[in-house]
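One structure is given here, and the rest of the page talks about it.
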Amino acid sequence: MDENVRKELEVLRGMVLTWKKSYLGSAPSDGGGEFLAEDFLQDIENHVSPYVRRLYDCRYLTGSEAKGFLDFCYQEVEALRQALSEAAAEQLDTI
């Protein structure tokens, strides 16, 4: 992978992590923030996935590199979903 492409992916990685942090920070304190994980997934599917697909189509990424990056993105969605679920469970424990 070219160094410029590697830098682009690092920027995208940082963007995905920033989105995740922002969504987690937007979680309602009384629970019920499951929709945030779906919004995060939509952001990835609408913005990141097409860009990675274009990098693949232009042969800047191999199939395994593109898949690996998108796997990272979807793992972050699952991590957010889990964090939101844990936060909601903690909220129920305090009631």
Side-chain angles (χ1 to χ4, degrees):
M1 172 186 328
D2 182 71
E3 185 61 28
N4 290 331
V5 175
R6 188 178 315 281
K7 288 178 184 178
E8 285 289 323
L9 289 181
E10 284 307 310
V11 169
L12 282 176
R13 183 181 305 272
M15 186 175 71
V16 167
L17 293 174
T18 299
W19 286 348
K20 178 182 155 193
K21 184 178 178 181
S22 177
Y23 277 116
L24 191 53
S26 298
S29 59
D30 59 351
E34 299 81 17
F35 68 94
L36 295 169
E38 291 304 314
D39 289 351
F40 183 36
L41 177 62
Q42 286 299 313
D43 278 341
I44 289 169
E45 289 180 346
N46 291 335
H47 303 291
V48 177
S49 195
Y51 187 76
V52 171
R53 176 64 186 200
R54 183 74 175 144
L55 290 173
Y56 169 75
D57 288 344
C58 291
R59 300 178 192 248
Y60 291 113
L61 292 176
T62 65
S64 63
E65 290 168 336
K67 182 184 180 314
F69 188 81
L70 291 175
D71 284 349
F72 155 77
C73 293
Y74 295 127
Q75 288 169 1
E76 292 303 312
V77 171
E78 289 307 312
L80 176 63
R81 188 172 279 125
Q82 182 65 33
L84 292 168
S85 176
E86 289 171 5
E90 286 176 18
Q91 183 64 27
L92 287 176
D93 288 344
T94 60
I95 296 176

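Side chains included, hydrogens not; waters and symmetry mates left out as well; all remaining heavy atoms used.
Counting only N and O atoms by type, the side chains of E78 and Q82 include no donor and acceptor under 3.5 Å apart.
Annotation: the span from L80 atom CG to S85 atom OG amounts to 11.0 Å, rounded to 0.5 Å. Interatomic distance, S26 OG to K21 NZ, rounded to the nearest 0.5 Å: 12.0 Å. A distance of 10.0 Å separates CG in D2 from CG in L61, rounded to the nearest 0.5 Å.
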Test side chain to side chain contact (heavy atoms under 4.5 Å, CB included) applied to R53 and L70, step by step:
CA-CA 10 Å; R53 176 64 186 200; L70 291 175; over 6 Å; no
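When every heavy atom of R6 is checked against every heavy atom of M1, the shortest pair comes out as NH2-O, 3.5 Å. Between A66 and Y56, the closest heavy-atom pair is CB-CB, 4.2 Å.
Between the side chain of T18 and the backbone N or O of G14 there is at least one donor-acceptor pair closer than 3.5 Å.
Within the structure, the ring-ring contact (aromatic ring centres under 6.0 Å, His included) test picks out the following pairs touching residues 57-81 (sequence neighbours left out): F69-F72.
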Do any side-chain atoms of residues 32-46 form donor-acceptor pairs under 3.5 angstrom with protein atoms, and if so which ones, sequence neighbours left out?
residue: E38; atom: OE2; partner: R81; partner atom: NH2; Å: 2.5
residue: D43; atom: OD2; partner: Y23; partner atom: OH; Å: 2.6
residue: N46; atom: ND2; partner: Q42; partner atom: O; Å: 3.1

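Checked against salt bridge (Lys or Arg N to Asp or Glu O under 4.0 Å), E76 has the following partners two or more places apart in sequence or in another chain: K20.
The pair K7-E10 does not count as a salt bridge, with every side-chain nitrogen at least 4.0 angstrom from each carboxylate oxygen.
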